[in-house]
Amino acid sequence: SYGKKEFCGFAQYYLSRGINVFFPDHIASGESEGTHCSFGYHEREDCMKWLKYMTDHFGEDIKIILHGVSMGSATVCMMSGRNNLPANVKFTVADCGFTTAKALFKFKMKALNIPDFGLMRGVNFANRINHGFDFRDIEPIESVKNARVPMLFVHGKEDNLVPSFMAEELYNNCSTPKKDILIVEGADHAQAHVDGKQAYENKIDEFIEKYVK
């Protein structure tokens, strides 16, 4: 997937508010190198480095909004609970994210009527050997329990890839009182901004007014 293509709608929104947009392609996506994504495990580390890059190049006084969709949501959620998250990150938008990789895989297997019979353990073992990370360590819901910034959770009600109840679980487990949630009726995966553009942008406007300005 290409960030320039998938995030262009949000880019137009932010630019119209006088906010610059910085969105690198993740591992094995767009113009980036690599052969596989890691559901946010390695991506969160990369993005922490990008935060340092932006601060080093544009100044420590810049104000940053983290905005992630799907796997990007997992990435920014896992960043938002870190002790070393820079103080100039003002809030996070987590769109159609999952609670844990394990829960997502189990949901999809059940939806497809695929029996487990140790399949998940085998897949995870192979992943650790081949790619060096454990699916059990990808737990956005644990990270938001220690959220250090305000958080806006967004999800499409008719999401057929990541169920919308996961957004509600993330919201309910998020530790910060500065949080909100928007469930867009009729929207499929990653389509909340398309099907509920006005409501979505109104929510971000509220967060910008409260936590950036």
- prompt: So, for M78 and S143, which heavy atoms are closest and what is the spacing to 0.1 Å?
  reply: CA-OG, 3.4 Å
task: Mark yes when over 12 heavy atoms from residues, nucleotides or ligands other than K108 sit less than 6.0 Å from its NZ; otherwise mark no.
output: yes
- request: Answer yes if F22 and M71 sit in the same cluster of Ile, Leu, Val, Met, Phe, Trp and Tyr residues linked by side chain heavy atoms under 4.5 Å apart, and no otherwise.
  value: no
message: Within this structure, what is the OH-CZ distance for the pair Y211 and F91, rounded to the nearest 0.5 Å?
response: 9.5 Å
- prompt: Is it true that a side-chain atom of S175 and a backbone atom of A147 form a donor plus acceptor pair closer than 3.5 Å?
  reply: yes
task: Ignoring hydrogens and angles, tell me if any N or O in the side chain of D159 forms a donor-acceptor pair with the backbone of V162 under 3.5 Å.
output: yes
field: Heavy-atom pair of closest approach, residues A192 and V184
entry: CB-CG2, 3.8 Å
statement: Of all heavy-atom pairs linking P140 and T99, the shortest is CD-O, 2.9 Å
field: Closest non-hydrogen atom pair between C77 and M151, with its separation
entry: SG-CE, 4.0 Å
- prompt: Rounded to the nearest 0.5 Å, what separation is found between the CZ atom of F98 and the OG atom of S73?
  reply: 8.0 Å
statement: So CH2 of W50 and NE2 of H57: to nearest 0.5 Å the spacing works out to 9.5 Å
- request: State yes or no: do V69 and L170 share one hydrophobic cluster built from I, L, V, M, F, W and Y residues joined by side-chain heavy-atom distances below 4.5 Å, directly or via other members?
  value: no
field: Any donor-acceptor pair under 3.5 Å from D188 side chain to N160 backbone
entry: yes
field: Electrostatic pair R82-E45, nearest N-O below 4.0 angstrom
entry: yes
query: Distance from L85 atom CG to L51 atom CG, nearest 0.5 Å?
result: 6.5 Å
statement: Looking only at heavy atoms, the pair that brings S70 and H189 closest together is OG-NE2, 2.8 Å
message: Evaluate R44 against T75 for side chain to side chain contact (heavy atoms under 4.5 Å, CB included), listing each step before the verdict.
response: CA-CA 5 Å; R44 60 182 171 176; T75 301; 4.2 Å; yes
- prompt: Do we see a donor-acceptor contact under 3.5 Å between the side chains of E206 and N202?
  reply: no
task: Step through the shown structure and confirm whether more than 12 heavy atoms of other residues, nucleotides or ligands are within 6.0 Å of NZ on K90.
output: yes
query: Nearest 0.5 Å, what's the NZ-SG distance between K49 and C47?
result: 11.0 Å
message: Taking ring pair (Phe, Tyr, Trp, His ring centres under 6.0 Å) as the definition, give me every residue that meets it alongside F10, ordered by chain and number, with sequence neighbours left out.
response: F7, H67, H193, Y200
message: Do V194 and I183 land in one hydrophobic cluster if side-chain heavy atoms of ILVMFWY residues count as linked below 4.5 Å?
response: no
Under 3.5 Å: donor-acceptor pair, side chain of T176, backbone of K179: no
query: When you measure from the side chain of S16 to the backbone N and O of Y13, does any donor-acceptor pair fall under 3.5 Å?
result: yes
query: Mind checking whether I181 and I141 sit in one hydrophobic cluster, side chains of I, L, V, M, F, W, Y counted as touching below 4.5 Å?
result: yes
statement: In short, L66 meets S80 closest at the heavy-atom pair CD1-OG, 4.2 Å
message: With a 4.5 Å cut-off on side-chain heavy atoms, are P86 and I64 touching?
response: no
statement: Output for pair (R148 CZ, T92 OG1), nearest 0.5 Å, gives 12.0 Å
query: Counting only heavy atoms not in K145, do more than 12 fall under 6.0 Å of its NZ?
result: yes
- prompt: Quick one: do V149 and I19 end up in the same hydrophobic cluster if we chain Ile, Leu, Val, Met, Phe, Trp and Tyr together by side-chain heavy atoms under 4.5 Å apart?
  reply: no
